[in-house]
> 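Submitted below is the structure of interest, expressed as structure tokens.
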Amino acid sequence: MSDPYTWLDQALKTLHRADWYRRPQAIAGLPGPIVEIDGRSLLNFASNDYLGLAGHPALIAAATEAIAHEGTGSTGSRLITGHRDRHHQLEQAIADLKQTEDAVVFSSGYLANLGTIAALVGPRDGIFSDRDNHASLLSGIKLSGAKAYSYHRHDLTELRELLEVYGDRHRRRLIVTDSVFSMDGDVCPLPQLLDLAAEFDAMTLVDEAHATGVLGRTGAGAVEALGCTGRPLVQVGTLSKALGSLGGYVAGSRSLIDYLRNRASTWIYTTGLSPADTAAAIAALDLVRTEPERRAQLHTHANYLRTELAEAIATLDLPPSYHVLPSESPIICITVPNPATVLQIGSALREGGILAGAIRPPTVPTSRIRFTVRADHSREHCDRAIALLREAVVPSGD
Ligand SMILES: *Cc1c(COP(=O)(O)O)cnc(C)c1O
């Protein structure tokens, strides 16, 4: 008798052989600049908790209070029994931050992207997508059934050609892009994308997952930082990175949000955000507004780490495959020649007490060490990361 599951073990072996195999590691204690893994304290340069809010007493208190009054689960979808005043409050707070007419929260950023893209376009439509967009955008594109055209990162000339050649074959056009590219740290050319969108009668969806709370004068994101507030846009993002909670959102015009509440299946057919997550996100948005110094601190550390790492790499006389990628965010990456090397460097950093991302294919085309900075890091934390990286990066001849 044949076993229809034997291929799984084969597939796992292949993953191991390619150094692509991954598994989760348990972190103990509150989220913070120092985390505990396997009983060891590590300096955390791998979290998305940019402002240090996930373990903040105000978020913990808000979530605890919400559970005490409204329980642990929201018990139903938003259109049936899962809607509370606090969801409305959170959506208002997001719309206020983004300066949009309205906003809607989803159970995750991933689901926000799936539901929004599939609601806005279908098989008769065309999507113009940056090749390096986040996996959730790519899944949304597939789910929509629209014809997808991809352009190389930031390549506005290629995008213009695609829009010229294929644009009017479609009923609707949607340009889709990350604002901060999560595995690199650079920012999309949003003003130019919006000009092209206007010229070719296209909608634009921008994913602000790594920019919300981080970029812009008020923390509204890359849209604000790049002077695009108020332009016609579909802004998607997450509550689970700088905002320290869980969930996703879409912000935009009243009609857009109204339409999504009626048509986004990942919003309609899933349980509403829990009271605790909702309350924590509201508390986080309060801190984003009232404590801009967190953001300032974050950028001070990020600028320092970026400059010093580039300096360190330049002085080490390494092959050109090692370099610091261009970044305008707290995500700072150093490319390395191959997955095996990135694993070695990752373990050496960890041995020395630094937790950083060792990012490999298929997540990215080229392996890289990825540091993410937090507002609650100190200058000494950054100096330790730099010193240790210098030791960990040993020229291997390739
Ligand atoms: C993290 C991330 C998401 C997914 O958000 P979740 O709330 O974690 O599901 C979507 N897009 C980008 C660019 C991200 O980095």
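Each ligand, and each atom within it, is numbered from 1 in the order the structure gives.
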> Shared ILVMFWY cluster between Ile386 and Leu349, side chains joined below 4.5 angstrom?
yes
> Contact residues of ligand 1 with a heavy-atom cut-off of under 4.0 Å?
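Within 4.0 Å of ligand 1, the protein residues are Ser108, Gly109, Tyr110, Asn113, His134, Ser136, Asp178, Ser182, Asp207, Ala209, His210, Thr238, Ser240, Lys241, Gly247.
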> Check for me whether Arg131 meets the cation-pi criterion with Tyr151, that is, NZ or CZ under 6.0 Å from the six-membered ring centre and within 45 degrees of the ring axis.
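No, Arg131 does not lie over the aromatic ring of Tyr151.
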> Quick check: His170 with Tyr149 (ring centres under 6.0 Å apart)?
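Under 6.0 Å, so yes.
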> Kindly say whether the aromatic ring centers of His377 and Phe371 come within a distance under 6.0 Å.
no
> Give the minimum heavy-atom separation between Asp3 and Tyr5, together with the two atoms involved.
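So the two residues come closest at OD1-N, 2.8 Å.
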> Consider only side-chain N and O atoms of Ser179 and Glu208, and report whether a donor and an acceptor are under 3.5 Å apart.
yes
